[in-house]
Amino acid sequence: MSDSIITRLDASQSDFNQQLDQLLAWESVSDTRVAAVVDDILHQVKTRGDIAVVEFTNKFDRRSAQSMNDFVVTPAELQNALTQIRPEQRAALEVAAERIRSYHQHQLQSSWRYTEADGTVLGQQISAMERVGLYVPGGKASYPSSVLMNAIPAKVAGVDELTMVVPAPDGEISPMVLAAAAIAGVDRVITIGGAQAVAALAYGTETIAKVDKIVGPGNIYVATAKRAVFGQVAIDMIAGPSEILVVCDGLTDPDWIAMDLFSQAEHDEQAQSILLCPDAEYLDKVESSIKKLLPTLARESIASVSLKNRGALIKVADMEQAIAVSNRIAPEHLELSIADPEAWLPKVRHAGAIFMGRFTPEALGDYCAGPNHVLPTSGTARFSSPLGVYDFQKRSSIIMCSASGASELSKTASVLARSEYLEAHARSAEYRIID
């Protein structure tokens with residue numbers, strides 16, 4: 001990319017598609033050394049259980065536990081965390097939790113069935129997963145919003161037991177994270193992390209029951225472990241860097257748009273922030289705002305690398321082309337910072353979350369708007385959806401035939417089974433045929 005603070009592209013250029021491909025290119029880190037370490041940890045935990053988890057956690061997190069019990073956070077400690085945080089922090093967590101819960105209750109699926117004329121009943125039964133594991137980054141890092149966004153949909157779905165694992169290096173853990181767990185209704189919190197925590201959840205140990213699904217973000221060791229245990233348990237996704245794509249008509253305050261771009265760029269150096277606009281002069285104004293405001297950020301060093309290497313201000317011909325480019329990118333977060341977002345919404349095919357209008361910054365979605373902030377990245381919004389209640393519910397088909405219904409269906413099944421040379425299938429059905 002160029003030496004400028006952020007790349008400038010023009011969609012009318014003949015090589016725009018190649019430039020865009022280069023900008024979007026990102027491959028998840030494939031590190032054979034990490035994979036080897038993770039494979040060993042998974043094997044040790046699978047075969048040695050609690051003892052291996054304690055050994056790895058003591059080693060990696062500088063703990064001195066004698067047993068797994070030393071890592072378990074008691075219900076009293078969880079409740080105590082609510083008193084350790086400031087009143088305004090607790091109030092903010094409770095407001096966010098209520099909004100997230102209210103939104104996700106709309107996603108609940110219900111069982112259904114219908115009866116055919118001959119009395120045959122067909123339907124679908126919805127049931128929640130029994131056990132889910134939630135991974136939360138820990139230590140001095142504080143991601144209470146991650147706790148709320150992952151735990152609340154699971155509880156709304158009706159998950160019986162939600163176990164949260166969160167590393168506590170040197171014994172340090174954020175009271176905000178524990179308070180969020182208390183508010184979200186997490187059933188059990190254990191202060192372990194890394195691949196050993198994923199292994200414990202996936203395989204089960206003497207202390208931790210095997211779960212049905214593991215959700216939540218983590219570092220490369222956690223992501224590699226999740227990928228490795230997929231199939232043994234379900235996982236939410238292997239997430240790439242954070243992304244924001246802003247479509248603007250050139251009438252929003254450029255400082256607002258610059259800060260919206262920063263809201264993802266400050267996550268990490270691989271995050272991606274892109275602006276599409278048909279007004280070249282407006283792109284100049286936003287670039288000026290970026291230069292002016294970037295030095296004011298506490299995470300300036302991270303944001304500047306992200307913007308330089310993966311950010312872009314892109315001139316498009318019109319709104320039609322802006323939406324076409326957006327659909328091609330399939331962004332995690334899409335801001336439609338335009339006068340009439342409703343008019344263009346039907347044309348948006350691929351986006352994790354869509355933020356409508358000038359007064360809806362992506363940051364609101366991260367914390368308290370209500371919809372989930374766990375979203376598909378790296379173009380996977382083409383075929384994936386936000387985390388939701390449906391990710392913690394299962395569907396079972398219901399088939400109950402009446403005698404006459406079975407008789408008629410069995411005639412069809414018999415023909416098809418014999419066509420596939422599966423005699424027992426055919427004869428099993430034929431027993432039900434009424435002469």
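Keep in mind that what you see is a predicted model, and the values were worked out from it rather than measured.
- Between the Ser288 side chain and the Asp284 main chain, a donor and an acceptor come within less than 3.5 Å of each other.
- Between atom CE of residue Met164 and atom CG of residue Leu201 there is a gap of 11.5 Å, rounded to the nearest 0.5 Å.
- Side-chain atoms of Arg63 never come within 3.5 Å of backbone atoms of Thr57 as a donor-acceptor pair (strictly under, hydrogens ignored).
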Derivation of the side chain to side chain contact (heavy atoms under 4.5 Å, CB included) call for Thr191 and Asp61: CA-CA 10 Å; Thr191 59; Asp61 288 346; over 6 Å; no
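- For residues 294-303, the set of pairs meeting the salt bridge (Lys or Arg N to Asp or Glu O under 4.0 Å) definition, not counting sequence neighbours, is empty.
- A salt bridge links Arg328 with Asp21: the closest approach of a Lys/Arg side-chain nitrogen to an acidic carboxylate oxygen falls below 4.0 angstrom.
- In terms of heavy-atom proximity, Ile314 sits nearest to Ala11 at CG2-N, 4.4 Å.
- In this structure, the ring pair (Phe, Tyr, Trp, His ring centres under 6.0 Å) partners of Phe56, at least two apart in sequence or on a different chain, are Phe60.
- Here the side chains of Met149 and Leu387 are not in contact, with every heavy-atom distance at 4.5 Å or above.
- Checked by atom type and distance alone, the side chain of Asp260 never pairs as donor or acceptor with a backbone atom of Val246 at under 3.5 Å.
- Looking at Leu283 and Arg8, their side chains come closer than 4.5 Å, going by heavy atoms from C-beta outward.
- Between Leu313 and Leu261 there is a side-chain heavy-atom pair separated by less than 4.5 Å.
- Atom-to-atom distance recorded for Glu420:CD and Leu416:CG is 7.0 Å, nearest 0.5 angstrom.
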For residues 120-133, please give each side-chain donor-acceptor pair under 3.5 Å, one per line with the distance, not counting sequence neighbours.
unit_1	atom_1	unit_2	atom_2	d
Thr120	OG1	Asp118	OD1	3.0
Ser127	OG	Lys394	NZ	3.2

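- Between Gly311 and Thr7, the shortest heavy-atom contact is O-CB, 3.5 Å.
- A salt bridge does not link Arg358 with Asp253: none of the charged nitrogens is closer than 4.0 Å to a carboxylate oxygen.
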Stepwise side chain to side chain contact (heavy atoms under 4.5 Å, CB included) check, Val325 with Gln321: CA-CA 6 Å; Val325 172; Gln321 186 177 43; 4.2 Å; yes
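- Residue Gln18 qualifies as enclosed at atom CD: its count of foreign heavy atoms under 6.0 Å is above 12.
- Side chain of Asn327 to backbone of Ala324: no donor-acceptor contact under 3.5 angstrom is found.
- Arg349 is linked by a salt bridge (Lys or Arg N to Asp or Glu O under 4.0 Å) to nothing, counting only residues two or more places apart in sequence or in another chain.
- With contacts defined as side-chain heavy-atom distances shorter than 4.5 Å, the pair Trp344/Glu320 qualifies.
- Ion pairing between Asp170 and Arg62 holds under the 4.0 Å rule for side-chain N and carboxylate O.
- Rounding to the nearest 0.5 angstrom, the gap separating the CG atom in Leu345 from the CD1 atom in Ile338 is 9.5 Å.
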Side chain to side chain contact (heavy atoms under 4.5 Å, CB included) assessment of Tyr282 paired with Asp249: CA-CA 9 Å; Tyr282 181 75; Asp249 54 13; over 6 Å; no
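- In this structure, the side chain of Glu335 does not engage the main chain of Ile244 through any donor-acceptor pair within 3.5 Å.
- Rounding to the nearest 0.5 angstrom, the gap separating the CG atom in Asp10 from the NZ atom in Lys315 is 5.5 Å.
- In terms of modelled atom types and a separation under 3.5 Å, the side chain of His333 and the main chain of Glu243 share a donor-acceptor contact.
- Nearest heavy atoms, Leu297 versus Ala303: CD1-CB, 4.0 Å.
- Taking each heavy atom of Arg188 and Thr207 in turn, the nearest pair found is NH1-O, 2.7 Å.
- Within the 4.5 Å cutoff, side-chain heavy atoms of Leu294 are placed close to those of Ser304.
- Although no hydrogens or angles enter the test, the distance criterion places no donor-acceptor pair under 3.5 Å between the side chain of Lys226 and the main chain of Gly218.
- Pairs passing the ring pair (Phe, Tyr, Trp, His ring centres under 6.0 Å) check and including a residue from residues 85-128, sequence neighbours excluded, do not occur.
- Looking only at side-chain heavy atoms (C-beta outward), Glu332 and Ser242 come within less than 4.5 Å of each other.
- Leu364 CG: more than 12 foreign heavy atoms inside a 6.0 Å radius.
- A side-chain contact (heavy atoms from CB on, under 4.5 Å) with Leu336 is found for one member of Pro341, Cys248, Ser326 and no other, namely Pro341.
- The main-chain N or O of Leu162 is found under 3.5 Å from a side-chain atom of Asp187 such that the two form a donor-acceptor pair.
- One N or O on the side chain of Arg310 and one on the backbone of Leu24 form a donor-acceptor pair closer than 3.5 Å.
- Residues Ser263 and Glu362 share a closest heavy-atom pair of OG-OE1, 3.5 Å.
- Here the closest heavy-atom approach between residue Pro144 and residue Val177 is recorded as N-CG2, 4.1 Å.
- Separating the CG atom in Leu134 from the CG atom in Asn150 is a distance of 5.0 Å, to the nearest 0.5 Å.
- Interatomic distance, CE of Met68 versus OG1 of Thr205, reported as 4.5 Å (0.5 Å rounding).
- For residues 219-266, the ring pair (Phe, Tyr, Trp, His ring centres under 6.0 Å) pairs, not counting sequence neighbours, are Trp256-Phe359.
- Glu281 CD: 12 or fewer foreign heavy atoms inside a 6.0 Å radius.
- Taking the side chain as every heavy atom from C-beta outward, Pro167 and Phe71 never approach each other to under 4.5 Å.
- The closest donor-acceptor contact from the side chain of Gln264 to the backbone of Ser273 lies at 3.5 Å or more, if one exists at all.
- Between Met237 and Ser384 the shortest side-chain heavy-atom distance does not fall below 4.5 Å.
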Derivation and outcome, side chain to side chain contact (heavy atoms under 4.5 Å, CB included), residues Val215 and Asp391: CA-CA 10 Å; Val215 300; Asp391 289 297; over 6 Å; no
